[in-house]
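Notes follow the structure.
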Amino acid sequence: MSSSNGFSKLTQSVHAGSHGDPQYKGTTSPVFPSSAYDYEGTSVSLYPRYFNTPNNKFVTEKLAALENAEDGIVFSSGMAAILTSIFAMLKKGDHAIFQNDLYGGTHHAIVKEMPRYGIDHTFVDGADPANFEKAIRKETRVIYIETPSNPTLKITDIGAVAAIAKKHGLISIIDNTFASPVNQNPIDLGIDIVTHSGTKYIGGHSDICCGAALASRELITRIWESAIHFGGSLDAHTCWLVERSLKTMVLRVRQQNQNALALAQYLKSDSRIGKVYYPGLTDHPGHAIAKAQMPGGFGGMLSFEVKNDAARFMGNLKLIHRAISLGGVESTITSPAKTSHVKMSPAERLAIGVTDQLVRLSVGIEEADDLISDIKQALN
Ligand SMILES: *Cc1c(COP(=O)(O)O)cnc(C)c1O
């Protein structure tokens, strides 16, 4: 069931890729755990590492429908999805352009792995799309962005970057993890490949590690040809759990969008709080672009500065759990200076707004007033 069937996201989240159980006429898709399938009469045998077993196909269909993509491929982690997609598009001697505000794991992987394969890269400030065009060389093949970014929720103009890539015949790739397929569909804006850490909003319950790439059938075939070598496939049971999670993703993310906006507005009004970063606030520098390219909402991620001791504030929270990762139904909070950005020097951190007072909140689906009360009592 593709997006062209005209159903809304909410309906697709429940029905796309849900095959039911034809044998016993059950409502939900069964789990097919086989790793051994008959090979007669098929050109490509079913095999877990070929990304083609039944539960793998079901969940991929649902995700592709939700991202308005022709096809997709589901991985055992976000990094497997991202790195396999990037490397499948590049070879020795090529050059790729990356936005400088990237998920730490992606940044480290580029810096550590790409030079070892003779692939050159440039980091540019994503705030101005023209920076990507200026960095293009004759060997450039890929432009890669991430928006909203971590942890200060910077916004990159997706349509403008996609247009630059098209004009120069380059492949554009985006990490759409923070927005989720509910809020932002980059393929509609001209992006070639959408990647996700499904560990976050797609799984949504802080209990699954997975990833995905969504694109045209032609590009997914190119990614698949590398993916079967690198491995990184997702087992049947987890595929089934992800399919189950996706059925409530739209509801979860809508509640998270509402909660995050309510929290951001409250935080702006509390004099004990310094800067508040949320693209849904009208004074956020990327607000106008975010409003245009995130029709589903501004997301459940926000960051803010605690004027007093941020570590003590986090220790005082009762409802909001201190934890890395994000996108779960429960609200979690981290100190970027101590986690995602710990490898940077204090001066480097300061330059991108990651102060010791900055905390990053992944807003869950709890009642917004309960979350606000928890923050108030922790500040007192
Ligand atoms: C978590 C995350 C990743 C990496 O995903 P894993 O599932 O941990 O491999 C990539 N990008 C973003 C934005 C993330 O938050």
Side-chain angles (χ1 to χ4, degrees), residues 59 63 67 72-87 98-113 123 126 144-156 158 173-184 186 191 193-214 223 227 230-235 238-239 241-242 245-246 249 253 256 260 277 279 286 290 294 298-303 323-328 331-336 339-343 352 354 360-364:
V59 69
L63 261 176
E67 273 294 11
I73 177 164
V74 169
F75 292 87
S76 55
S77 72
M79 287 312 294
I82 291 165
L83 270 270
T84 305
S85 299
I86 293 174
F87 274 98
F98 295 90
Q99 174 181 322
N100 56 8
D101 268 290
L102 289 183
Y103 173 71
T106 310
H107 190 275
H108 299 322
I110 292 159
V111 171
K112 177 116 199 288
E113 303 295 341
F123 286 107
Y144 182 101
I145 59 171
E146 181 178 322
T147 178
S149 73
N150 181 36
T152 53
L153 290 304
K154 287 199 190 125
I155 301 295
T156 305
I158 299 171
I173 308 179
I174 189 171
D175 182 335
N176 205 32
T177 301
F178 267 37
S180 91
V182 181
N183 292 331
Q184 176 171 285
I191 288 286
I193 302 172
V194 175
T195 62
H196 278 284
S197 168
T199 313
K200 317 297 164 54
Y201 289 101
I202 289 171
H205 296 72
S206 308
D207 56 7
I208 288 173
C209 185
C210 67
L214 297 311
I223 295 169
F230 291 139
S233 54
L234 192 65
D235 72 280
T238 313
C239 284
L241 267 179
V242 177
S245 287
L246 282 171
M249 178 177 66
V253 172
Q256 284 163 319
Y277 300 93
M294 302 179 81
F298 298 101
M301 298 302 300
L302 62 93
S303 295
I324 59 163
S325 201
L326 59 107
S331 297
T332 56
I333 197 161
T334 66
S335 158
T339 56
S340 53
H341 294 69
V342 72
K343 287 184 186 163
I352 57 163
V354 180
R360 189 200 71 185
L361 185 58
S362 168
V363 183

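For the numbers below, each heavy atom of this structure counts, side chains included, while hydrogens, waters and symmetry mates do not. In each ligand, atom 1 is the first atom listed, and ligand 1 is the first ligand listed.
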Using distance alone, determine whether [X] and ligand 1 share an N or O pair under 3.5 Å.
X      : result
Gly78  : yes
Glu146 : no
Thr106 : no
Met79  : yes

Taking [atom] as the reference point, the nearest protein heavy atom with its distance:
atom                   : answer
atom 1 (C) of ligand 1 : Lys200 NZ, 1.4 Å
atom 4 (C) of ligand 1 : Tyr103 CE2, 3.3 Å
atom 5 (O) of ligand 1 : Ser197 OG, 2.9 Å

Original post:
If you count the atoms of ligand 1 from 1 in the order shown, which ones are under 4.0 Å from a heavy atom of Thr199?
Top reply: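 Listed by number with element, the hits are 6 (P), 7 (O).
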
Subject >> Atoms of ligand 1 close to Asp175 [distance to a heavy atom under 4.0 angstrom, numbered from 1] >> reply: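 Every atom of ligand 1 under 4.0 Å from some heavy atom of Asp175: 10 (C), 11 (N), 12 (C), 13 (C).
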
**OP:** Determine yes or no for a side-chain-to-main-chain donor-acceptor pair under 3.5 angstrom, with Glu146 supplying the side chain and Tyr103 the backbone.
**Re:** yes

Subject >> His196 and Leu214: CA distance, side-chain angles, deciding distance, side-chain contact (heavy atoms from CB on, under 4.5 Å) verdict >> reply: CA-CA 9 Å; His196 278 284; Leu214 297 311; 4.0 Å; yes

Original post:
In terms of the angle between their ring planes, are Phe123 and His107 parallel, tilted or perpendicular, with boundaries placed at 30° and 60°?
Top reply: parallel

Minimum side-chain heavy-atom gap [X]-[Y] below 4.5 Å:
X      : Y      : value
Lys200 : Ser362 : no
Tyr201 : Val182 : no
Ile352 : Thr152 : no

Original post:
When you look for heavy atoms under 4.0 Å from ligand 1, do you find them on the side chain of Ile82, its backbone, both, or neither?
Top reply: side chain

Original post:
Do the side-chain N and O atoms of Thr156 and Gln99 include a donor-acceptor pair separated by under 3.5 angstrom?
Top reply: yes

